[in-house]
There are 2 protein chains.
Amino acid sequence: MTTDVERARERVIDALARSADIYGLKQSYGRLYGTLYFAEEPLSLDELAEQSGYAKSTVSTAMSTLRRFHLVRRLSMPGEGKRAFFEAERDLWRVSREFLAQEVSREVNVMVEALGEAEAVLEGADGERAARDLERVRQLKRTYEHADRLVSALSRVPLDRLTDAVERFTPE
Amino acid sequence: MTTDVERARERVIDALARSADIYGLKQSYGRLYGTLYFAEEPLSLDELAEQSGYAKSTVSTAMSTLRRFHLVRRLSMPGEGKRAFFEAERDLWRVSREFLAQEVSREVNVMVEALGEAEAVLEGADGERAARDLERVRQLKRTYEHADRLVSALSRVPLDRLTDAVERFTPE
DNA sequence: CAGAATATTCGGTATATGCCGAATATGCTC
DNA sequence: GAGCATATTCGGCATATACCGAATATTCTG
């Protein structure tokens, strides 16, 4: 029997699958996150496999990825032997902050480093082309340095305060 | 002959390919963007294919994707017949803003809509489970509504002012 | 520390993706 | 609007990915 309540859930879970896809995760992972998001209590691998229809191995790897992105927490309960339980992180702003602080920040640093090295080389070179390249490298570097500051600030602000702050600084 | 200047360029282009990958674009697209970023003047499809080593068809589809993300502009020059030229958008904050305003905003709206519908259904349902689901749907909806405001504000602020604003609102 | 319960990893298969070259479509110029 | 130069689309091949079930590894309990 499929109730309205279940359909409502499914509707949201579909949207989560879609979002996962947009942000570069597998749709199945979005679905699994959704399943956990609505779960009454943390679920074991078997329960998740059962409820979602995916193989246990699929669920297992999904959990490890979702955990990397702080979308899911893994719990070991006392008296439950080796069995693990999984719980959705329901604060998505927290998830975003972690992502900014880890993934984006790392990416930005790699970029800044590459740009720094290129800048050093180009400062020592001459010719019109080197000069033009240097200018462009510096422009990119400025942007990335700003991005770095921004990311590290963002990852320390609660969502509501952030929204207020940004809106206050927005023209009209 | 491979000069230091060329190696410096390559270093940066590699980093751009890597970033493209992280953000869900093909590495080849990152490379092509990099090639355009450093190009002295806009390049034609043939020149890009030549310089990058990719087939012209690949470059063509790459350009249409990069254009969707506002990473590349397409120019038709007078007296050049059908030949098109491509130029990198070098202001990456502008690119990000466009992305927020279009892709993210759309995704957020889809989500808010799904959540709204689910909320409506759940408000009309009873039972413990419906009540719990309703609570969770509302939490998610609050976050997404904040995100919506945030995104639309962000896409109107220049990067330097934004950084300042956020840093000012950051504790310690 | 043996055994049972569970998690994780591995190998395989079906499907999707990246890229190519050839075929087709499009838009200038005269 | 014919002919030509160029862009875009299409079909195919090779590689990568998603998911599965079986095999292996891990961790708790007695």
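Predicted model only: the values in this text are computed from it and were never measured. Note on naming: letters A, B, ... go to the chains in the order of the sequence lines (proteins, then strands), and numbering restarts at 1 for each one.
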Distance under 6.0 Å and angle within 45° of the ring axis: does B:R136 meet both against A:F38?
-> no
Does B:S60 have a side-chain nitrogen or oxygen under 4.0 Å from the phosphate oxygens OP1 or OP2 of D:dT8?
-> yes
Could you state the atom-to-atom distance from CD of B:Q27 to C1' of D:dT15 in whole Å?
-> 14 Å
Interface with DNA chain C, restricted to residues 73-83 of chain A and to heavy atoms under 4.0 Å = A:R74, A:K82, A:R83
For the pair B:R138 and B:E123, find out whether any cationic side-chain nitrogen is under 4.0 Å from an anionic carboxylate oxygen.
-> yes
A:S28 side chain N/O closer than 4.0 Å to the phosphate oxygens (OP1, OP2) of D:dC19?
-> yes
Measure from the side-chain heavy atoms of B:A55 and tell me the nearest of C:dG21, D:dT8, D:dC20.
-> C:dG21
Donor-acceptor pair, B:T58 side chain versus B:Y54 backbone, under 3.5 Å?
-> no
Salt bridge flag under 4.0 Å for residues A:D14 and A:R31 | yes
CG of A:L45 versus P of D:dT26: gap in Å, rounded?
-> 16 Å
Out of C:dA7, D:dT8, D:dC20, minimum distance to the side chain of B:K56 belongs to D:dT8
Short side-chain N/O contact to C:dC20 OP1/OP2 from B:T58, under 4.0 Å | yes
Between atom CG in A:D46 and atom P in C:dT6, what is the gap in whole Å?
-> 7 Å
Between A:R31 (CZ) and D:dC19 (P), how many Å, whole number?
-> 10 Å
Under 4.0 angstrom, heavy atoms only, what part of the nucleic acid is A:S64 near: base, sugar-phosphate, or nothing?
-> nothing
Is it true that B:R149 and B:E145 have a side-chain N and a carboxylate O under 4.0 angstrom from each other?
-> no
Measure the distance from CG on A:D21 to C1' on C:dT17 and round it to the nearest whole Å.
-> 13 Å
Distance in angstrom units between A:E50 CD and C:dT6 P, rounded = 15 Å
Do NZ/NE/NH1/NH2 and the carboxylate oxygens of B:E47 and B:R83 come within less than 4.0 Å?
-> no
Between C:dT6 atom P and A:M63 atom CE, what is the distance in whole Å?
-> 18 Å
Selection from C:dT9, C:dG18, D:dC19 that lies nearest to any side-chain heavy atom of B:K26 | C:dG18
Value for CG (B:D91) from CD (A:Q139), rounded to nearest 0.5 Å, stands at 7.0 Å
Atom OH of A:Y54 and atom P of C:dA7: how far apart are they, to the nearest Å?
-> 19 Å
